[in-house]
Amino acid sequence: MRPAYEGHELAVAVADLLAHHDDPRLPVHQPGWRQSLALGVPGIALLHVELAAAGLRPWQRAHYWLTAATSGPVTVGADSHPFHGAPALAHVLACANTYQPGSYARALDHLDTAIAADTGHRVAAAHARIDAGELPALAEFDAIRGLTGIGAYLLRRPAGGEELRAVLEYLVRLTCPLHRDGEVLPGWWTSSGPNGRADDRFPGGHGNTGMAHGIAGPLALLALAALQGIVVQGQLTAIATVCSWLDQWRSNTDAGPVWPYWVTRPQLRAGRRSTPSVQRPSWCYGTAGLARAQQLAALAIGDPARRVAAGDALARALIDPRQLDATTDPSLCHGYAGLAHIAHRVAVDAPAGTAARLDARIPHLLSLIDPAAVGPRRTATALIGAAPGPGLLEGAAGVALAALTCSTVSTPGSSWDSCLLTVRPAHPLT
């Protein structure tokens, strides 16, 4: 099945319906959405930036939404994180500044100063926690709320060198084992459940594998930094350590290798997991995010077999009807748009044969966003009206950005998805 229209047509349709921030019909006025890259205004601004860079819509719309995003006080410090507040707004402004050099330099300088200070506090607290032999919270290190996500931003900023190296040094320590209750635990083992809170279903906590909240995010950042020539002591060993752990928990099925979303304490003690169930192969959890993280790791440490295996794992997942049936929404985070987007990114770094297999699946994945073939305008309307909002991770803006990136008119070297740790940028953001 092929879509009846190009991905950029859907992106344009979404953006046209999100043309004016003050349109009372738009669901963008929830508290906190002005600063929420995940749910609200910054994600919409990012879509307009990419369309303007591609010459598909005017820069004035992008400037309008960027102004809306930065029109009030900005959350900094402990209450901010990569998808809310200063780091979220800085990411969008930095992307715009790449295409319009100097236009947002002053605002970025202010945000970078706040982010650098916050990074220092977070890293110091994380080292103190490790020194005390305590387990981390997911929000300490993950891509959505923690130091991995902040590091992803710093990696794109020329002024972020010192703080970035501090984040990388912390992530190296995160991969060192911890000794608790007479057991040896991975350094990223958390005492909570996957939602970051105490959970009776996870006695003894869990080891999270995902790109959004687990160790795949740090793995991807360590690899991306190494690929840009930024290496701290122990970094390549840390990459190999995480890869080895993922190998330990991989299950080989008739549909290819799969990894659990998480490992429980009883499974850790037994040294094995139960028979794997069918799960969606998404960016946030599952084969898609893990394949990209391991492909980047393979490129960083010079492991051609792992590079081939990572691309093959994703290609096989994308033809497995059970895994596709487990995917039930169009979103970037865990839906069809995210699968198409990661297939596109993985194909760029895959051997020719695997790249061709992945590229062949992208039209079908995009067609599942509009299964009734109602057209870009009606599909865009449905996406914007759906919960939880029109933003990047689960909303219309993220779907549109993924569709645009997979289209023939996408901007070469675009790195809007650096916050997802899926892209190797051609150049740092400025």
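Note that the structure is a prediction, hence the values are computed from the model and not measured. Note that the numbering runs from 1 along the sequence shown for the chain.
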If we count only N and O atoms by modelled type, under 3.5 Å, do the side chains of [X] and [Y] hold a donor and an acceptor together?
| X | Y | value |
| --- | --- | --- |
| Gln35 | Thr75 | yes |
| Arg306 | Gln294 | yes |
| Asn208 | His213 | no |
| Gln279 | Tyr285 | no |

For this session: Fit a plane to each ring of His63 and Tyr104, take the angle between them on a 0 to 90° scale, and name the class: parallel (under 30°), tilted (30 to 60°) or perpendicular (over 60°).
Result: tilted

For this session: Could you label the plane-to-plane angle of the Tyr170 and His127 rings as parallel, tilted or perpendicular, counting under 30° as parallel and over 60° as perpendicular?
Result: perpendicular

Residues two or more places apart in sequence or in another chain: which of them pass salt bridge (Lys or Arg N to Asp or Glu O under 4.0 Å) with [X]?
| X | answer |
| --- | --- |
| Asp254 | Arg322 |
| Arg201 | Asp199 |
| Arg280 | none |
| Glu140 | Arg129 |

For this session: Taking all heavy atoms of Leu108 and all of Ala90, pick out the closest pair and write down the distance.
Result: CD2-O, 3.5 Å

Counting only pairs under 3.5 Å, give me each side-chain donor-acceptor contact of residues 340-350, with atom names and distances, residues two or more places apart or in other chains.
| from | atom 1 | to | atom 2 | distance (Å) |
| --- | --- | --- | --- | --- |
| His341 | NE2 | Asp417 | OD2 | 2.8 |
| His344 | NE2 | Thr405 | O | 3.4 |
| Arg345 | NE | Asp417 | OD2 | 2.9 |
| Arg345 | NH2 | Ser414 | O | 3.3 |
| Arg345 | NH2 | Asp417 | OD1 | 2.8 |
| Arg345 | NH2 | Asp417 | OD2 | 3.4 |
| Asp349 | OD1 | Arg424 | NH1 | 3.0 |
| Asp349 | OD2 | Arg292 | NH1 | 2.9 |
| Asp349 | OD2 | Arg292 | NH2 | 3.2 |

For this session: Check Val258, Leu314, Leu339, Leu290 against Pro281 for a side-chain contact (heavy atoms from CB on, under 4.5 Å) and give me the one that passes.
Result: Leu339

For this session: Could you point out which residue of Leu171, Leu174, Thr175 forms a side-chain contact (heavy atoms from CB on, under 4.5 Å) with Val242?
Result: Thr175

Using distance only, find each side-chain donor-acceptor pair of residues 39-48 under 3.5 Å and give its atom names and separation, not counting sequence neighbours.
| from | atom 1 | to | atom 2 | distance (Å) |
| --- | --- | --- | --- | --- |
| His48 | NE2 | Leu18 | O | 2.9 |
| His48 | NE2 | Trp65 | NE1 | 3.4 |

Exercise. Would Trp188 and Trp245 count as a close aromatic pair, with their ring centres under 6.0 Å?
Worked result: yes

Exercise. Going by an N to O cut-off under 4.0 Å, is there a salt bridge joining Asp109 and Arg106?
Worked result: no

Exercise. Does the pair Arg316/Asp320 count as a salt bridge with the N-to-O cut at 4.0 Å?
Worked result: no

Between atom [atom1] of [X] and atom [atom2] of [Y], what is the distance when rounded to the nearest 0.5 Å?
| X | Y | atom1 | atom2 | result |
| --- | --- | --- | --- | --- |
| Ser251 | Trp259 | OG | CH2 | 10.0 Å |
| Cys95 | Glu50 | SG | CD | 6.5 Å |
| Asp370 | Leu10 | CG | CG | 8.0 Å |

For this session: Mark yes when over 12 heavy atoms from residues, nucleotides or ligands other than Arg173 sit less than 6.0 Å from its CZ; otherwise mark no.
Result: yes

For this session: Using the side-chain contact (heavy atoms from CB on, under 4.5 Å) rule, take Trp416 and Thr98 through it: C-alpha gap first, then chi angles, then the decisive distance, then the call.
Result: CA-CA 10 Å; Trp416 65 266; Thr98 298; over 6 Å; no

